[in-house]
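As structure tokens, the structure follows; a few thoughts come after it.
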Amino acid sequence: MSEQIKKFMYVNRRAPYGTIYAWESLEVVLIGAAFDQDVHLAFLDDGVYQLVKGQDTSGVDMKNFSPTYQALGDYDVTKLFVEKESLEERGLSIDDLMPLTYEDEDDDWAEKDSITVVSRAELADIMDEQDVLFSF
Amino acid sequence: MSEQIKKFMYVNRRAPYGTIYAWESLEVVLIGAAFDQDVHLAFLDDGVYQLVKGQDTSGVDMKNFSPTYQALGDYDVTKLFVEKESLEERGLSIDDLMPLTYEDEDDDWAEKDSITVVSRAELADIMDEQDVLFSF
Amino acid sequence: MKFAIQVNEGPYQHQATDSAYQFTKAALEAGHEIMRVFFYHDGVNNGTNLTTPPQDDRNIVNRWSELAKKHDLDLVVCVAAAQRRGIVDEGEMQRNGKSAENIADGFRISGLGQLIEAGIQSERLVVFGD
Amino acid sequence: MKFAIQVNEGPYQHQATDSAYQFTKAALEAGHEIMRVFFYHDGVNNGTNLTTPPQDDRNIVNRWSELAKKHDLDLVVCVAAAQRRGIVDEGEMQRNGKSAENIADGFRISGLGQLIEAGIQSERLVVFGD
Amino acid sequence: MATLHTVNKSPFEKSSLESCLAHAKDGSAVLLYEDGIYGAVKGTSIADKVTAMGGVKFYVLGPDLKARGISEDKLLDGVEVADYAKFVDLAATNDKVQAWV
Amino acid sequence: MATLHTVNKSPFEKSSLESCLAHAKDGSAVLLYEDGIYGAVKGTSIADKVTAMGGVKFYVLGPDLKARGISEDKLLDGVEVADYAKFVDLAATNDKVQAWV
């Protein structure tokens, strides 16, 4: 019996390091990548801080897990939606985020952006289309 | 060597039941009452919800600890400050709170109110006068 | 209908595990299936057998164990989260050289794949957290 | 100066215990006295000896134990909070009929009076929480 | 697809209700439970934001309401009181549940 | 008495910074650390509330800032970067510490 493909969304609304939710959420995404579902990641509210570039945890002696986001493309996790309004309220723009890319096997392995900046209304629509929403 | 009397304040900013902070904070107050310090309790932000009357936890199967506030007077914990603005923002008035009283031994055991409603500015002044602030 | 439940917080500190328990109980009473309760983050602390809560309060851990026994529930504690927080079964005890095990009756330690699987196989995933 | 520290959250889930550790270490390095670190609420979970964190991450429990050993720190776990969450020393194990103890090196279980005393005897109380 | 949104935090302490309301689509349901029930009360500084959501149906968990001493006559118009059985029912009859933890 | 206020939560997630600012008196110090450091950043929707506090001195914990990838040139004017030693020093030199947990 082949299993149906579901639309999975991992909803990230927390900042990194202050709590572990962001990091343990990412661990779920990595494990989940082996299951061949249609995976989406949403970054909204403080979740947008997870993708800020230049993270350096040497001074707090915690594990810097931000390089792991850059590995997502290799796991075929390529649909990352970042909410525009959440960025703006925090004085951030796409240039403050890590560039995350993947190689598109259907397009001669062209390198493409994994991150799509969407409006709040667009993100609400994308959430609405999901089958399962994981929250952490 | 007799110890100095310090001004202690227990700062309550959390709603009851959703988290245990309110209840375990009250446990500290009860134990602390044996130590003869000058004890103050502040209820501000969601902390004002701790004193709302008519709490009935039978439907959630949790311990209803609100009657314990009524015992505070017997422990000589009689200085409870409730922030007026916090009440108003939540659509509450003093009439929504449990009446908490104590018998004043310096005034022929007259029954007096333990709760004083103060403005935000007044509460800031009272906090400013404390020696030690416990936060939960 | 087939439900899966995710619990992100430990016993007593947050109401999340209380709400998850009441939801699970109500779902079973209504004739639904609970295919798995997955304990993640601090939720793994619901699986310790070392608590001694006050006698006039609910016993959160025992309550889960008893509900699992009665309805043959699958209570899964995430292994990675459990290692960070100190929830240990016999296998983990031996593997990691720990001095004791503390997993409560009716709970088992397993991998994150169990959460993904729950998302795939259940018809509804309901998450309880902070 | 004489400091007392209060920690309200457990290991890994919240940064509170990391910040408390860094503060304590910096205070000691500056020549201050840490008269007590009091673990309350989920903070008691810092006192379990059953964690096995990933090797490329800090070991929060061991770090406290080592700092305590080096500086003769008084790490106190609240007994009431510990009973709710399953942190047990030998006395608690016997008193409450538990199958194991799990208190980490350098931690001791005691009453809430130890927090009040810390508030009285220290010159500064610094609280780390959620 | 119809979504049941759940909010368990006080709108005065955390921004989860506000974020939920900013994303909930017409036709969806919002269940306020645990400390989230305070968002269903009349006369608060957040009430207008809730009542402005014309196309969304609000529920509040009765057992959590009672625990906190909030009587039903304090609820905003149109908010329906649910018990745990109704919570289960809402999760089943909507297509999915989104938890704004 | 001089107070060191500490705030460790994001002002976009929790109301603790706002409550702190509403109670901090002139002459007091506010240290933003852990996720609280986001309150010290320029160009955010909360920045005006911080800069309006003329009589309060703001500090932000450098190690937490670096961990989160926020460079110091993004900080509001007048915010001073502190390390853990400075945090200790602020706790010692003020008369008490109030944690807005």
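Chain identifiers are assigned alphabetically (A, B, ...) following the order of the sequence lines, protein sequences preceding nucleic acid strands; residue numbering begins at 1 within each chain.
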Among D:Gln13, D:Glu9, D:Arg84, D:Lys98, which residue forms the greatest number of heavy-atom pairs with chain C at distances under 4.5 Å?
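Most heavy-atom pairs within the cutoff with chain C belong to D:Gln13.
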Could you list which of residues 41-65 of chain D have a heavy atom closer than 4.5 Å to any heavy atom of chain C, in residue-number order?
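Within residues 41-65 of chain D, the residues that come under 4.5 Å of chain C (heavy atoms only) are D:His41, D:Asp42, D:Asn45, D:Thr48, D:Asn49, D:Leu50, D:Thr51, D:Thr52, D:Pro53, D:Pro54.
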Taking atom CG of C:Asn96 as the centre, report whether more than 12 heavy atoms of other residues, nucleotides or ligands fall under 6.0 Å from it.
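Above 12, so yes.
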Non-hydrogen atoms of chain D under 4.5 Å away: do they reach the side chain of C:Glu101, the backbone, both or neither?
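Contact with chain D involves the backbone of C:Glu101 alone.
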